[in-house]
Amino acid sequence: NFRIFVCFSECYGFPPHFVFLLATFPLDLTKTRLQMQGEAALARLGDSARESAPYRGMVRTALGIVQEEGFLKLWQGVTPAIYRHIVYSGGRMVTYEHLREVVFGKSEDKHYPLWKSVIGGMMAGVVGQFLANPTDLVKVQMQMEGKRKLEGKPLRFRGVHHAFAKILSEGGIRGLWAGWVPNIQRAALVNMGDLTTYDTVKHYLVLNTPLEDNIMTHGLS
């Protein structure tokens, strides 16, 4: 059953998803470091922070991480990112499939109306991100270790499991969901566009081309 295959691949991180995650993770880390260095510089230097920032731009930031911390530090925090990918993708796709097939249902011509795709996509994003928020939090916290190093402070975490345990001991269960409201708002908008486009394009391809509902159509959509 192709639908089971699609859900399985999304839930458990079909290998190409992991390859893409690993390939693009340094960009995510560099983005976080750029944000952190700006905040740290403003806290220390105020208006003169712009001239004193240690890195400028994505490339120079990445090179600085490699030179000062080592090449593998470009993937610092990748383990919770993988956990997050599994939980988030699995949660949103299972929710979306359930809403589409059971809650909302399709029309008589097997078409899934646009408004249902929009609502289903937003709800799926909310559920997926809410479930994945602890892993998202740990990922960002581990990436923030770079900020502590820039400020000359001791590192807080020895690894991903230690980070989970420390956040849980300091903030309790609720601490793992810190910042969940803006996170689910973003996820709702992202999935509204992502899943709505996917379903609309796939339906168009199935109806107007020789393609069937298979892995090729899934990939093109």
Side-chain angles (χ1 to χ4, degrees), residues 3 6-14 17-18 20-22 24-25 27-36 38-39 76-105 112-145 147 156-157 160-161 163-202 218 221:
R3 295 191 184 282
V6 171
C7 281
F8 183 86
S9 68
E10 289 287 353
C11 291
Y12 298 104
F14 200 58
H17 296 174
F18 283 128
F20 181 78
L21 174 64
L22 292 173
T24 59
F25 188 80
L27 298 177
D28 185 41
L29 175 67
T30 303
K31 176 205 70 175
T32 303
R33 288 292 184 91
L34 281 168
Q35 293 171 335
M36 292 187 303
E39 294 174 2
Q76 184 172 10
V78 72
T79 301
I82 292 174
Y83 293 165
R84 188 248 183 202
H85 170 74
I86 295 173
V87 176
Y88 173 71
S89 295
R92 71 176 187 137
M93 290 305 298
V94 169
T95 301
Y96 187 72
E97 287 285 330
H98 180 75
L99 290 172
R100 183 175 61 183
E101 302 296 330
V102 179
V103 178
F104 293 141
Y112 195 52
L114 181 62
W115 70 269
K116 291 184 179 180
S117 293
V118 170
I119 296 176
M122 293 181 70
M123 293 178 66
V126 167
V127 172
Q129 180 58 49
F130 183 79
L131 294 174
N133 199 80
T135 56
D136 218 4
L137 177 65
V138 170
K139 182 197 76 170
V140 174
Q141 289 289 329
M142 291 190 69
Q143 289 177 330
M144 286 177 64
E145 293 294 82
K147 176 181 178 180
R156 297 179 61 205
F157 308 123
V160 59
H161 299 106
F164 272 112
K166 190 173 182 65
I167 294 172
L168 186 62
S169 65
E170 293 179 353
I173 293 294
R174 293 181 63 180
L176 291 172
W177 271 268
W180 68 273
V181 174
N183 283 341
I184 67 170
Q185 290 173 341
R186 176 182 179 276
L189 294 176
V190 168
N191 283 276
M192 179 184 68
D194 185 8
L195 296 178
T196 300
T197 301
Y198 161 74
D199 241 354
T200 303
V201 172
K202 187 180 74 172
H218 169 68
S221 300

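All figures in this text were calculated on a predicted structure; none of them were measured in a lab.
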Asks: Could you check if a side-chain atom of Phe164 sits within less than 4.5 angstrom of a side-chain atom of Thr135, using non-hydrogen atoms only?
Replies: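 The answer is yes, as the side chains (C-beta and beyond) meet within the 4.5 Å cut-off.
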
Asks: Could you tell me which residues satisfy side-chain contact (heavy atoms from CB on, under 4.5 Å) with Ile119, sequence neighbours excluded, listed by chain and number?
Replies: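 For Ile119 the side-chain contact (heavy atoms from CB on, under 4.5 Å) partners, ignoring immediate neighbours, are Phe104, Trp115, Met123.
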
Asks: Indicate the atoms forming the closest heavy-atom contact of Gly175 with Leu137, along with that distance.
Replies: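 For Gly175 and Leu137, the tightest heavy-atom pair comes out as O-CD2, 3.1 Å.
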
Asks: Please give me the minimum heavy-atom distance between Ser117 and Tyr96, naming the atom from each residue.
Replies: OG-OH, 3.6 Å

Asks: Could you report the tightest heavy-atom contact between Thr95 and Ala124, atom names first, then the distance?
Replies: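 Looking at all heavy atoms of both residues, the closest pair is CG2-CA, 3.8 Å.
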
Asks: Can you list everything that forms a ring pair (Phe, Tyr, Trp, His ring centres under 6.0 Å) with Phe25? Sequence neighbours excluded, please.
Replies: none

Asks: Tell me which pairs pass salt bridge (charged side-chain N to carboxylate O under 4.0 Å, His left out) where either residue lies in residues 164-178, with sequence neighbours left out.
Replies: Arg156-Glu170, Lys166-Glu170

Asks: Are the side chains of Val138 and Met142 in contact, using a 4.5 Å heavy-atom criterion?
Replies: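 The answer is yes, as the side chains (C-beta and beyond) meet within the 4.5 Å cut-off.
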
Asks: With side-chain hydrogen bond (donor to acceptor under 3.5 Å, both in side chains) as the rule and sequence neighbours excluded, what pairs involving residues 179-190 come up?
Replies: Asn133-Asn183

Asks: Please report the closest heavy-atom contact between Lys139 and Ala81, naming both atoms and the distance.
Replies: CD-CB, 3.8 Å

Asks: Under a 4.0 Å N-O cut-off, is there an ion pair linking Lys116 with Asp199?
Replies: no

Asks: Can you tell me how far NZ of Lys202 sits from CG of Leu195, rounded to the nearest 0.5 angstrom?
Replies: 10.5 Å

Asks: For residues 187-197, pull every pair meeting salt bridge (charged side-chain N to carboxylate O under 4.0 Å, His left out), keeping only residues two or more places apart or in separate chains.
Replies: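 Applying salt bridge (charged side-chain N to carboxylate O under 4.0 Å, His left out) to every pair that reaches into residues 187-197, excluding sequence neighbours, yields Arg92-Asp194.
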
Asks: Minimum heavy-atom separation for Val126 and Ala188, please, with both atom names.
Replies: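 Heavy atoms only, the tightest pair is CG2-CB, 3.9 Å.
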
Asks: Determine whether Thr196 and Thr200 make a side-chain contact, defined as any pair of heavy atoms from C-beta on separated by less than 4.5 Å.
Replies: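 They are in contact (side-chain heavy atoms under 4.5 Å apart), so the answer is yes.
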
Asks: Would you compute the distance between atom NE2 of His85 and atom CD1 of Ile82 and round it to the nearest 0.5 angstrom?
Replies: 9.0 Å

Asks: If the condition is side-chain contact (heavy atoms from CB on, under 4.5 Å), which residues does Ala187 pass it with, not counting sequence neighbours?
Replies: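 Partners of Ala187 by the side-chain contact (heavy atoms from CB on, under 4.5 Å) criterion, ordered by chain and then number, come out as Tyr88, Gln129, Asn191.
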
Asks: Once you round to the nearest 0.5 Å, how far does CG of Leu131 lie from CD1 of Ile184?
Replies: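 Atom-to-atom, Leu131:CG and Ile184:CD1 are 11.0 Å apart.
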
Asks: Which distance, rounded to the nearest 0.5 Å, do you find between the CD of Gln141 and the CG of Asp136?
Replies: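 Output value for this atom pair is 11.0 Å.
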
Asks: Could you pull out the closest heavy-atom pair between Val160 and Pro80, with the gap in Å?
Replies: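 Between these two residues, the closest heavy atoms are CG2-CD, 3.7 Å.
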
